[in-house]
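For the numbers below, each heavy atom of this structure counts, side chains included, while hydrogens, waters and symmetry mates do not.
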Amino acid sequence: MRTLSPKHMLLSWVSGGLLCIVVLAWFSVSYLAQRLHVHENNLLEAQITIEANSRQQKNFSTLSKQVAEIQGHAQELNRAFPDRTKALEFIEFIETTAAQENVEQSFNPIEPTRTAATSLTAYLVEERGFRLTLKGKTPNLFRFLTALEVNPVYLLTTSVSLSRDDKGEATMDLQGTIPWH
C-alpha cells in the first residue's frame with residue numbers, strides 16, 4: 001500500500017470536502033426547490049380561493065341589492081293588492097273620501113266567480129268585482145273619482161256611466177274589479 005504525500009492527502013481531503021459540500025448544496029437546493037414548489041402551489045391555491053371568495057362577495061353584494069329592490073317592489077305590490085282580511089280598510093277609504101267630497105256612495109261587492117284559496121298560506125290573487133254608485137254634484141263626483149284613482153290600491157274600472165236628473169244631481173256608476181290576495 002502506498003502512502004499519499006501530504007499534498008495529495010490535502011487535495012483528497014479538500015476535493016472530498018468540496019464534493020460533500022456540492023452534494024449537500026445540491027440536496028439543499030433540490031429540497032428547497034421542492035419546498036418552494038409546494039409553497040408556490042399553496043400560494044396559487046390561496047390566490048384562487050381569494051379570487052373565488054371575492055367573486056362570491058361581489059355576487060352576494062349584487063344579490064343583496066336585488067333582494068332589497070325586490071322587497072321594495074313586493075311592498076308596493078302588497079299595498080296595491082290588498083289582503084282580503086283588510087278589505088274593510090278600503091271600504092272605509094271609500095266612505096271617508098265620499099264624506100269629504102260631499103258625495104253619497106253605495107259600494108256593492110260582487111261575489112267572485114273563482115273559488116278562494118283553501119289555505120291561508122296559498123297566495124292567490126282573487127279578482128273581486130264591485131259596483132260603486134255615487135250621487136252628488138258633478139265637480140264633487142270628479143274629485144272623488146280623482147281621489148279613487150290616486151289611492152294606492154289597484155282598481156280595474158271596467159265601466160263608468162254618468163247621468164244627471166232634473167234637479168241637477170249627478171249619478172255616477174262605476175263597475176270593475178279589485179285584486180285581493
Side-chain angles (χ1 to χ4, degrees), residues 1-94 96-97 109-130 145-158 174-181:
M1 197 153 120
R2 216 165 49 132
T3 60
L4 294 172
S5 69
K7 182 179 174 182
H8 281 90
M9 182 135 6
L10 181 65
L11 276 173
S12 302
W13 276 102
V14 168
S15 54
L18 282 174
L19 183 63
C20 285
I21 289 174
V22 167
V23 168
L24 282 174
W26 183 78
F27 280 126
S28 296
V29 168
S30 69
Y31 174 76
L32 288 176
Q34 180 186 7
R35 294 296 299 159
L36 280 175
H37 185 68
V38 168
H39 287 303
E40 180 183 26
N41 288 341
N42 290 343
L43 183 62
L44 189 59
E45 287 176 15
Q47 286 175 334
I48 290 170
T49 303
I50 288 171
E51 182 64 31
N53 289 342
S54 175
R55 272 191 251 124
Q56 284 180 345
Q57 184 178 12
K58 287 178 186 175
N59 288 343
F60 180 72
S61 175
T62 302
L63 290 174
S64 295
K65 289 176 186 175
Q66 289 175 347
V67 165
E69 185 178 318
I70 289 170
Q71 285 175 339
H73 291 304
Q75 289 173 353
E76 289 175 23
L77 285 174
N78 281 335
R79 281 192 304 272
F81 298 132
D83 186 335
R84 73 181 104 227
T85 61
K86 297 181 182 175
L88 186 60
E89 291 176 16
F90 179 68
I91 294 171
E92 287 174 349
F93 166 78
I94 289 175
T96 304
T97 307
I110 300 169
E111 288 302 316
T113 55
R114 286 189 270 159
T115 323
T118 57
S119 170
L120 292 177
T121 58
Y123 192 85
L124 175 73
V125 175
E126 171 188 324
E127 292 178 353
R128 188 67 187 246
F130 72 90
L145 192 57
T146 303
L148 190 62
E149 271 186 35
V150 296
N151 89 79
V153 175
Y154 175 75
L155 293 172
L156 177 61
T157 306
T158 57
L174 298 168
Q175 289 186 357
T177 58
I178 304 170
W180 305 103
H181 67 86

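Remark: Thr62 pairs with no residue by the side chain to side chain donor-acceptor pair (under 3.5 Å) rule, at least two apart or across chains. Partners of Arg35 by salt bridge (charged side-chain N to carboxylate O under 4.0 Å, His left out), not counting sequence neighbours: none found. The side-chain contact (heavy atoms from CB on, under 4.5 Å) search around Ser64 returns Phe60, not counting sequence neighbours. For Ser12, the side-chain contact (heavy atoms from CB on, under 4.5 Å) partners at least two apart in sequence or on another chain are Leu4. Partners of Ile21 by side-chain contact (heavy atoms from CB on, under 4.5 Å), not counting sequence neighbours: none found. Residues that satisfy the side-chain contact (heavy atoms from CB on, under 4.5 Å) test with Thr96, not counting sequence neighbours, are Gln100.
In this structure, Phe130 CZ and Thr157 OG1 are separated by 5.0 Å, a value rounded to the nearest 0.5 Å. Of the inter-residue distances, the one linking Ile178 atom CD1 with Ile110 atom CD1 reads 10.0 Å to the nearest 0.5 angstrom. Note: Ile94 CD1 to Leu174 CG = 9.0 Å, rounded to the nearest 0.5 Å.
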Anything under 3.5 Å between a donor and an acceptor, one on a side chain of residues 39-52, the other on a protein residue two or more places apart or in another chain? List them.
| residue | atom | partner | partner atom | Å |
| --- | --- | --- | --- | --- |
| Asn41 | ND2 | His37 | NE2 | 3.4 |
| Thr49 | OG1 | Glu45 | O | 2.9 |

For residues 24-31, tabulate all N or O donor-acceptor pairs below 3.5 Å that involve a side-chain atom, not counting sequence neighbours.
| residue | atom | partner | partner atom | Å |
| --- | --- | --- | --- | --- |
| Ser28 | OG | Leu24 | O | 2.8 |
| Ser30 | OG | Trp26 | O | 3.2 |
| Ser30 | OG | Phe27 | O | 3.1 |

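Every pair tested for salt bridge (charged side-chain N to carboxylate O under 4.0 Å, His left out) that includes a residue from residues 56-75 fails, sequence neighbours excluded, so the list is empty.
Atom CD of Gln57 has 12 or fewer neighbouring heavy atoms from other residues, nucleotides or ligands inside a 6.0 Å radius.
What you find for Thr97 and Ala147 is that their closest heavy atoms are CG2-CB, 3.5 Å.
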